[in-house]
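Notes follow the structure.
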Amino acid sequence: MAKIITLSTLKKYQLGDMVVHYLQDTEGHVEWTIYPAELASSFRLPTDQVRTNSLVQAKLREDYYDKNFTNGTTMLNCQTSQLLKYQDQRVEVEGPVTTITTTLADTRDHRAVHFVQWDEGENRLKTWVKFTNLSAQTALLDWLPSFVLSDLTPFYDQQPQGKINLVRLRSKWTMEGRIEEQPVELYNLEPSWSPSGLGIEQFGQAGTMPVRNFFPFVGIHDTQTATYWLAELEGKASWQPNATRLTDRVALYGGLPDHDSGNWQVELKQGESYTSPYALLTVGTGTLEYCSKRLQKAASLPKAGLPITYNEFATTWGNPNQELIESSLPLLKKHGTDYYVIDAGWAKDATEELPQDWVVDEKKFPNGLKPVVDAIHAQGMKAGIWYEIETAAPPSAKYHDLSHLLTRDGVVISTIKRRFLNLFDPKVRAYIRQVMIDPVRAAGFDYLKIDYNDTIGVGVDVGKLHGPESLEQLTGKTLEMFSELHKIPGLEIENCASGGHRLTPAYIEATEYSSFSDAHDSHAIPIIAANELNVIPAAKNLIWCVLHADSTDDELNFHLISTFLGLACLSGDIRGLSDQQWQTVDTDFKFYKENQHLIAEGTPIREGQPIISYFNPVGYQVSGFVNHDTVADSDEMILMIFGFNLPEKQTISIAAADGAWHVEDVVGAESIEFAATETGLKMTMPKEVFTAKALRLTRH
Ligand SMILES: OC[C@H]1O[C@H](OC[C@H]2O[C@H](O[C@]3(CO)O[C@H](CO)[C@@H](O)[C@@H]3O)[C@H](O)[C@@H](O)[C@@H]2O)[C@H](O)[C@@H](O)[C@H]1O
């Protein structure tokens, strides 16, 4: 039988309402876990571990893999990690920021440092690692994950069966963020009769659209203590998280893919270091919506309030022009729109899906873009423009300018619709300045929608680099471009990648807004928008609301109220709407503006069984925001009730709320009946219609 190791407490810290707990074994290996301070008394040391999951894991090419049939699947607990032993730990406090630095080393002159950083205003931890080669021999590093979080969950001598769930967010174009939560046993994440054979659920994506198939997000939900541990990777490009279990407890780990699965490698000469991308971690008790909000950088209500944007894409479908814009402005102004965004098709010869060389089409804009920006400003609105600058589409000259394009194995990387500019090349960066940064500044734009409509695949040629590391460096250049753009006074950036393919901390936190999806007209909009509250604050998330002249009141309210889960991005047939339809728009947005503090700063809530089909949704969803962490603590709430084509009229009650709530305001479809009763909130949804209603409630 494998030898059981003895773990004891090395050190514990309380950061906000979280405990950071370091454990050591008798040989000097260190692992760590986190848990809510309120559950600290339930902490138990593990009793059956056969390996300490070192908090820094790494693999040098020549070192051996662990047992448990891991070779080729994971490098967890390989020889490099097993040789790293504790040296020291330091805590530094600088203003609101606390950093805990744990140093490990082996006997071969390799040093590994583990960082945990907490900003007093936040409920999350930022963590990363740094590996330094101090030996005379060049080190070939095949793996260095950003985090390894062990002892999940630390509250039991033996984990309760069927009570510990794995949480992930699945994704696909126009179907972003489906929540998957199932007991870990369904992934074979339970011990075998003897500790041999590692249970592992590994997932990830390769390429420069970091949200594909899944978000780089993984969690463990202990349903018995209502505790969520959530981890999210920075997500610039390729990534790979894992959930693993050999004995009684689960560990989560991840970062960039390793050499075996993703062709990652870094060479370190004597004295050189490599620092991993960061991961964000949190732990909390409550709902997934509450705990995932803890992972996000807090957003606050801007002084000018949450903007209402009009983007003409789903009106003209790639055919904007000066006349149309100028004739729309008074109408949009009258109805409270704050931004006008000109989308694809403003450049010469561009089509709806294929951008060209960023020369203004003078047939559409005879005097260039400046007069249009001035006209937008004259209405007191902000002016925005769309670019997809990192790629080149087949009809453009740039597509054929081979010296400026990225290659893999010496061959230009092409998909059917895109090639990719070599952002490492100073000439390409000068080109971007010339065709985008300078004209945006000169025309006086306030807002830039940066789109990205294809993915580069597994890697690009950059010197000796290839695979995920080459993409890290490349997307680092994109983020540098964002910083350069932010030097234009007041310029705000919208992060878009065929909708939501770049909804990761790296891009969300470097920009003011993000496009939620390309779900322009879909009935899944409120489902997707509610899913995405798990990764992006509502105050940054632009939700399409495409208006149609033939919409019924139910349909119109359904789409308008969907935007209450974030920011409204209007489009569609604005000139065809009747006065009565505009009145519905005005009434709904008056409600939105009056309750925007809850949308921007409140805690999301969500009720209802998951809806199976996003293509043809059937069911209901109750979403909303409360003014404190939980419904029970709150005295203000807005609720958005959505009915999705139910086969029969359906009545539901919300158990989490008691009868002391009073309805202060209501907008939306009359077809949904609602009552705040002594026993709770009761609502009846009509059958065979997509409809929505929003309510403001208070508790005195
Ligand atoms: O081109 C401007 C848009 O660019 C992004 O969307 C890219 C996607 O464009 C196509 O889909 C559209 C737009 O969402 O949907 C319609 C149905 O296919 C089509 O007529 C539209 O062009 C492609 O089909 C899809 O593959 C692309 O991913 C951006 O997300 C949008 O907001 C616009 O800016």
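Position 1 is the first residue of the sequence; numbering continues from there. Just so you know, these numbers use all the heavy atoms, side chains as well, and skip hydrogens, waters and symmetry mates. Both counts, for ligands and for their atoms, begin at 1 and track the order of listing.
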Report task. Compute the minimum heavy-atom distance from Glu388 to ligand 1 and say whether it is under 4.0 Å. Result -> no
Ring pair (Phe, Tyr, Trp, His ring centres under 6.0 Å) with Phe644: of Phe615, Tyr620, Phe558, only one passes, and it is Phe558
How are the rings of Phe564 and Phe591 set to each other: parallel, tilted or perpendicular (split at 30° and 60°)? parallel
> Is Asp343 in polar range of ligand 1, meaning some N or O pair under 3.5 Å apart?
Replying inline: yes
Looking at Phe217, I'd like to know if the NZ or CZ of Arg168 sits under 6.0 Å from its six-membered ring centre while staying within 45 degrees of the ring's axis. no
Worksheet item: Are any of the N/O atoms in Ala497 less than 3.5 Å from those in ligand 1?
Response: no
| Does Glu323 come within less than 4.0 Å of Lys364, counting only side-chain N to carboxylate O? | no
request  = Flag the pair His559 / Phe690 as yes when their ring centroid distance falls below 6.0 Å, and as no otherwise.
outcome  = no
In this structure, atom 26 (O) of ligand 1 is nearest to the protein heavy atom Lys417 NZ, 3.4 Å
Looking only at protein heavy atoms, what sits closest to atom 22 (O) of ligand 1 is Glu352 OE2, 2.9 Å
Ranked by distance from atom 6 (O) of ligand 1, the top protein heavy atom is Asp518 OD2, 3.0 Å
Check: Between His335 and Phe589, is the ring centre distance below 6.0 Å?
Finding: no
Worksheet item: Hey, is Cys496 one of the residues with a heavy atom under 4.0 angstrom from ligand 1?
Response: yes
Which of Trp386, Tyr387, Tyr513 passes ring pair (Phe, Tyr, Trp, His ring centres under 6.0 Å) with Tyr447? It is Tyr513
Atom 29 (C) of ligand 1: of Asp521, Leu542, Asp451, Asn453, the nearest heavy atom sits on Asp451
Of Phe313, Phe516, Trp173, the residue with the heavy atom nearest atom 11 (O) of ligand 1 is Trp173
